[in-house]
Amino acid sequence: MAPVTVDDLVERIAARHYSLGVIGLGYVGLPLALTACEAGFAVVGFDVNPARVAEINAGTSFTTHVADARIASALAEGRFEATTNFDKLASVDAVIIAVPTPLTKTRDPDLSHVADAARQIARRLRPQHLVVLESTTWPGTTMEVVAPILDESGLRRGADYFLAYSPEREDPGNREFRTAVIPKVVGGDGAAAATLATALYQALVTKVVPVSSTTTAEAVKLTENIFRSVNIALVNELKLIYDKMGIDVWEVIEAAKTKPFGFMPFYPGPGLGGHCIPIDPFYLTWKAREFDFTTRFIELAGQINTAMPQHVVDRLAEALDRDQGRGLSGVAILVLGIAYKKNIDDLRESPSIRLIELLELRSSQVDFHDPHVPVVPPDRDHTRLGGRRSVELTPEALGRYNVVLIATDHDAVDYGMVVASSKLVIDTRNVCERLGLSAPHVIKA
């Protein structure tokens, strides 16, 4: 029998006689797995969390970013299953790694989840397997961390199996850009891997952008997020200085963005949330040390953005003292929005969590309301707040708080009622003015 060639595998992809395994059924892996199912592929999703697996197999999504109906449809068509049994990796043709890449307490990259996934694959690696890393990480991870683990299988990379990197580009809550319409950058370890990975993603999304190597693809993802981090830090710093000068930074940005060239609007806020912007730039900062290089610009941006929750608390304290003649100790504060951005239920790195922590350190009595987060999950990231429930938002409830702090501007909140029923409103998102609800007791922060 003639050996299977890359061209043969590309033809199998085009004919959908090709199956996928996705390791990590989180905010990246689950939408990707369902997108592959909807493109006609059979998909096995792998996760180490038995509760998550059971939930998905029951047709229920853990996040509003992914509708239950999409999971139910994929299950009903027999194209999808979730499992904790990694032995099933041997039965799929391609394996995509979409696991978390957090930071340690010392702000160093934690690639333990990536390494664990690679070891699971290496134990079941077989000829013709394609392995793609999607987790955001420092340039060089695919070749320096994943490749050596897979090579321990004894199979020859580029001949027996193929390795590539394609950075995830999920944007939870963005209904305009779902997985299938977001261009996909792909870098392969050699021409064969690049060809195969490109063919696979061309079957999943509307546009694929091949680059010269896995390292370049890894750098693309970091560049995208560092760009956002630095520009958000810039407007946050402008907000601080303009506030002292009596200038409204939001008015400035609205006017500046009328320029049809040379300007892109970014907006200030109470801090950064999500997995990407607060974490990813530090992956490059860490890697740069290997080359005796200090990423001063990136680190300065991180310092500015990390300091924003404290600025909001200070602004709140000043307004409270001026308006009610009291300090933070013992005051009742309602935080509106605990998710890291509007219209989602994602709490990863949410600045609202930090705001609550800072306020409670000052002995404030803090509750929260979030239409998308009925209860804070008791996981490792929210151990102290785990189990805390969202309070009902009514005029009577609002009247019981000394201050209402708008931290996330969810559309589902009745801001007219908030302004009308609250003693003092601290608005970190400029949502009240956008809605024409400016009032003397509404303070921007």
Side-chain angles (χ1 to χ4, degrees), residues 169 171-177 182-183 220-274 276-278 280-281 284 295-316 318-319 336-337 339-344 349-352 355 405-411 413 415 418-419 425-445:
R169 279 177 164 173
D171 187 16
N174 190 330
R175 297 185 179 183
E176 181 179 357
F177 294 109
I182 301 172
V220 168
K221 176 61 175 179
L222 289 188
T223 300
E224 294 168 0
N225 289 335
I226 290 168
F227 175 81
R228 293 170 64 199
S229 174
V230 167
N231 280 280
I232 291 171
L234 174 61
V235 295
N236 276 332
E237 189 166 61
L238 290 174
K239 177 177 75 171
L240 299 180
I241 184 60
Y242 286 161
D243 181 59
K244 292 182 181 296
M245 299 171 69
I247 300 170
D248 186 334
V249 70
W250 282 280
E251 183 182 0
V252 170
I253 294 169
E254 288 304 302
K257 77 179 187 181
T258 62
K259 183 181 180 182
F261 53 88
F263 182 82
M264 178 181 294
F266 288 82
Y267 297 94
L272 293 180
C276 294
I277 307 179
D280 296 351
L284 186 60
T295 53
R296 290 174 294 173
F297 211 71
I298 296 171
E299 292 179 47
L300 177 59
Q303 292 167 12
I304 293 170
N305 290 328
T306 300
M308 292 313 296
Q310 184 62 61
H311 163 74
V312 171
V313 170
D314 292 343
R315 191 87 165 95
L316 185 154
E318 292 170 4
L336 276 188
Y340 82 84
K341 72 172 185 174
K342 66 188 299 182
N343 303 334
I344 65 171
E349 306 295 327
S350 173
S352 298
L355 287 168
L405 171 58
I406 301 175
T408 310
D409 51 335
H410 293 305
D411 290 339
V413 171
Y415 293 101
V418 170
V419 172
V425 177
I426 306 298
D427 185 357
T428 71
R429 301 290 186 175
N430 200 40
V431 62
C432 293
E433 181 160 309
R434 289 204 314 268
L435 296 175
L437 297 171
S438 297
H441 67 295
V442 177
I443 309 298
K444 298 179 183 181

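These numbers come from a predicted model, not from an experiment.
Taking every heavy atom of both residues into account, T306 and P309 meet most closely at O-CD, 3.3 Å. Heavy-atom minimum distance, Y415 versus L435: CD1-CD1, 3.6 Å. The minimum heavy-atom distance between T428 and I406, with the atom names listed, is OG1-O, 2.7 Å. Scanning both residues, L355 and A407, for their nearest heavy atoms gives CD1-CB, 4.0 Å. The heavy-atom pair separating V235 from P268 by the smallest distance is CG2-N, 3.6 Å. Among all heavy-atom pairs drawn from L284 and T295, the shortest one is O-CG2, 4.5 Å.
Within 6.0 Å of CD in E237 there are 12 or fewer heavy atoms belonging to other residues, nucleotides or ligands. Surrounding CZ of F263 are more than 12 heavy atoms belonging to other residues, nucleotides or ligands, all under 6.0 Å away. Open room surrounds CD on E251; 12 or fewer heavy atoms of other groups in view lie less than 6.0 Å from it.
In this structure the side chain of K444 never reaches within 4.5 angstrom of the side chain of I426, judged on heavy atoms. With contacts defined as side-chain heavy-atom distances shorter than 4.5 Å, the pair S352/Y340 does not qualify. Side-chain contact check for H311 versus P270: every heavy-atom pair is 4.5 Å or farther apart. With a 4.5 Å cut-off on side-chain heavy atoms, P281 and L222 do not count as touching. P351 places none of its side-chain heavy atoms less than 4.5 Å from the side chain of L272. Between W250 and E433, every side-chain heavy-atom pair lies at or beyond the 4.5 Å cut-off. Within the 4.5 Å cutoff, the side chain of I443 has no heavy atoms near those of the V425 side chain. The shortest side-chain heavy-atom distance between F266 and K257 does not fall under the 4.5 Å cut-off.
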**Request:** Verify side-chain contact (heavy atoms from CB on, under 4.5 Å) between L437 and V442, making sure each step is shown before the conclusion.
**Result:** CA-CA 9 Å; L437 297 171; V442 177; over 6 Å; no

**Working for side-chain contact (heavy atoms from CB on, under 4.5 Å), residues V431 and D427** = CA-CA 7 Å; V431 62; D427 185 357; 3.7 Å; yes

**Asked** Under the side-chain contact (heavy atoms from CB on, under 4.5 Å) criterion, do E224 and R169 qualify, and how do the steps go?
**Response** CA-CA 10 Å; E224 294 168 0; R169 279 177 164 173; 2.3 Å; yes

**Message:** Before you tell me yes or no, could you show the steps for L336 and T408 under side-chain contact (heavy atoms from CB on, under 4.5 Å), namely the whole-Å CA-CA distance, both residues' side-chain angles and the distance that decides it to 0.1 Å?
**Reply:** CA-CA 6 Å; L336 276 188; T408 310; over 6 Å; no

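In this structure, the side chain of H410 does not engage the main chain of K342 through any donor-acceptor pair within 3.5 Å.
Note that CD of Q303 is 12.5 Å distant from CZ of R296, once rounded to the nearest 0.5 Å. Once rounded to the nearest 0.5 Å, the distance linking CD1 of I232 with CD1 of I304 reads 12.0 Å. Taking CZ from F297 and CG from L234, the interatomic distance works out to 7.5 Å, rounded to the nearest 0.5 Å. Of the inter-residue distances, the one linking M264 atom CE with I253 atom CD1 reads 13.5 Å to the nearest 0.5 angstrom. Here OG1 of T223 is found 13.5 Å from CZ of R228. Values are rounded to the nearest 0.5 Å. N236 CG to S229 OG: the interatomic distance, rounded to the nearest 0.5 Å, is 9.5 Å.
In this view, D314 satisfies the salt bridge (charged side-chain N to carboxylate O under 4.0 Å, His left out) rule with no residue, not counting sequence neighbours.
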Please tabulate, for the side chains in residues 238-246, all donor-acceptor contacts under 3.5 angstrom to protein atoms that are two or more places apart in sequence or on a different chain.
residue : atom : partner : partner atom : Å
K239    : NZ   : G269    : O            : 3.4
K239    : NZ   : A445    : O            : 3.3
D243    : OD1  : R315    : NH2          : 3.3

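By the 4.0 Å N-to-carboxylate-O rule, K341 lies close enough to D171 to be salt-bridged with it.
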